[in-house]
Amino acid sequence: MSLTLLGFDYGTKSIGVAVGQQITGSARPLLALKANEGVPNWDQIEALLKEWQPGLLVVGLPLNMDGTEQDISRRARKFANRLHGRFGIKVELQDERLTTTDARARLFEAGGYKALGKDAVDAVSAQLILESWMESNYL
């Protein structure tokens with residue numbers, strides 16, 4: 001049975017979303033959702049969950065380079081807990097250090113400065129979070 005996964009790159013203004021498949025170990029960026037002080041439009045998230053029917057959600061956990069948590073780490077944990085509480089789908093956290101840097105590099109390589117829109121960076125960051133979770137859990 002193939003498991004569909006959704007990955008989230010949590011931010012206070014924007015939340016990147018990616019979809020992945022357990023069977024292939026691959027993910028692709030979907031979109032970035034607007035957030036208001038870290039609060040998403042839950043109806044948009046519910047619509048994504050209905051469309052993709054994921055068996056697991058992966059939320060990026062932003063950590064300092066030394067592995068310690070920061071304010072945004074706590075907010076990402078709260079977002080993950082709310083996802084689980086509202087929708088009853090299992091949620092895993094994944095260390096997301098350097099994903100934004102990596103996402104920017106990938107996008108720049110693919111399309112130069114024009115490709116570096118905030119939404120694209122957030123969605124590709126979510127893809128990288130999901131791929132790194134799959135690498136550490138399946139491959």
Side-chain angles (χ1 to χ4, degrees):
M1 182 182 103
S2 172
L3 184 66
T4 298
L5 313 163
L6 281 183
F8 295 89
D9 178 33
Y10 176 81
T12 56
K13 293 187 176 89
S14 175
I15 299 169
V17 185
V19 63
Q21 292 297 327
Q22 174 189 15
I23 199 158
T24 59
S26 63
R28 65 182 176 87
L30 279 180
L31 73 163
L33 302 170
K34 295 287 171 248
N36 183 7
E37 291 296 310
V39 178
N41 176 332
W42 289 107
D43 292 339
Q44 286 179 314
I45 290 179
E46 186 173 4
L48 281 170
L49 297 178
K50 280 186 176 148
E51 179 181 352
W52 293 99
Q53 300 285 310
L56 178 72
L57 307 177
V58 179
V59 175
L61 181 64
L63 298 170
N64 292 315
M65 288 314 289
D66 64 2
T68 58
E69 294 205 3
Q70 50 191 313
D71 181 55
I72 193 74
S73 313
R74 289 182 286 283
R75 294 180 78 165
R77 280 185 190 281
K78 191 173 171 184
F79 172 70
N81 290 337
R82 288 214 172 119
L83 277 172
H84 178 70
R86 271 178 188 255
F87 303 109
I89 300 171
K90 185 176 178 196
V91 180
E92 297 268 342
L93 292 165
Q94 176 67 27
D95 179 351
E96 66 163 59
R97 281 176 281 187
L98 299 179
T99 53
T100 301
T101 306
D102 193 9
R104 285 178 192 279
R106 279 192 191 194
L107 286 164
F108 183 77
E109 199 174 285
Y113 285 108
K114 288 191 199 90
L116 292 176
K118 175 86 174 104
D119 287 359
V121 170
D122 290 342
V124 171
S125 292
Q127 173 191 359
L128 296 171
I129 289 163
L130 202 45
E131 285 175 346
S132 67
W133 186 89
M134 286 189 282
E135 282 169 18
S136 57
N137 287 277
Y138 295 137
L139 307 176

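Just so it is clear, the structure is predicted and the values come from calculations on it, not from any experiment.
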side-chain hydrogen bond (donor to acceptor under 3.5 Å, both in side chains) between Glu131 and Ser26, worked out: CA-CA 6 Å; Glu131 285 175 346; Ser26 63; over 6 Å; no

Shortest non-hydrogen contact from Glu69 toward Arg77: OE2-NH2, 2.5 Å

Heavy-atom neighbours of Arg75 CZ exceed 12 at 6.0 Å: yes

Shared hydrophobic cluster, Leu48 / Tyr10 (ILVMFWY, side-chain heavy atoms < 4.5 Å): yes

Residue pair Val91, Val59: steps toward the side chain to side chain contact (heavy atoms under 4.5 Å, CB included) verdict: CA-CA 7 Å; Val91 180; Val59 175; 3.8 Å; yes

hydrophobic_cluster_shared for Val39 and Ile15, side chain cutoff 4.5 Å: yes

Evaluation steps, side chain to side chain contact (heavy atoms under 4.5 Å, CB included), between Glu96 and Ser125: CA-CA 8 Å; Glu96 66 163 59; Ser125 292; over 6 Å; no

Non-hydrogen side-chain atoms of Ser136 and Gln94 separated by less than 4.5 Å: yes

CD on Glu51 to OG1 on Thr4, rounded to 0.5 Å: 11.0 Å

Gln70 versus Leu63, closest heavy-atom pair with distance: NE2-C, 3.5 Å

Reported CG-to-CH2 distance for the pair Leu61 and Trp133, which is rounded to 0.5 angstrom: 15.0 Å

Same cluster (ILVMFWY, side-chain, under 4.5 Å), Val19 and Val17: yes

Taking every non-hydrogen atom, the tightest pair across Ala123 and Ala18: O-CB, 4.1 Å

Asp95 (side chain) donor-acceptor with Arg97 (main chain) under 3.5 angstrom: yes

In one Ile/Leu/Val/Met/Phe/Trp/Tyr side-chain cluster, 4.5 Å: Leu57, Ile129: no

Straight-line distance of Leu31 CG to Gln44 CD, nearest 0.5 Å: 7.5 Å

From CG (Asn137) to CD (Glu92), nearest 0.5 Å: 6.0 Å

Closest heavy-atom pair and its distance - Gly11, Ala35: O-CB, 3.9 Å

Nearest heavy-atom neighbours spanning Leu93 and Ala80: CD2-CB, 3.8 Å

Close side-chain approach of Leu6 and Ile89, heavy atoms under 4.5 Å: no

Geometric class of the Phe8/Phe79 ring pair [parallel <30°, tilted 30-60°, perpendicular >60°]: perpendicular

4.5 Å side-chain heavy-atom contact, Leu30 and Arg28: yes

Criterion side chain to side chain contact (heavy atoms under 4.5 Å, CB included) on Ile45 and Phe87, from CA distance to verdict: CA-CA 10 Å; Ile45 290 179; Phe87 303 109; 3.8 Å; yes

Spacing of Leu130 atom CG and Gln22 atom CD [to the nearest 0.5 Å]: 11.0 Å

Non-hydrogen atoms of Ala126 and Gly7 that approach each other most closely: CB-O, 3.7 Å

Connected via hydrophobic side-chain network under 4.5 Å: Leu128 and Ile72: no

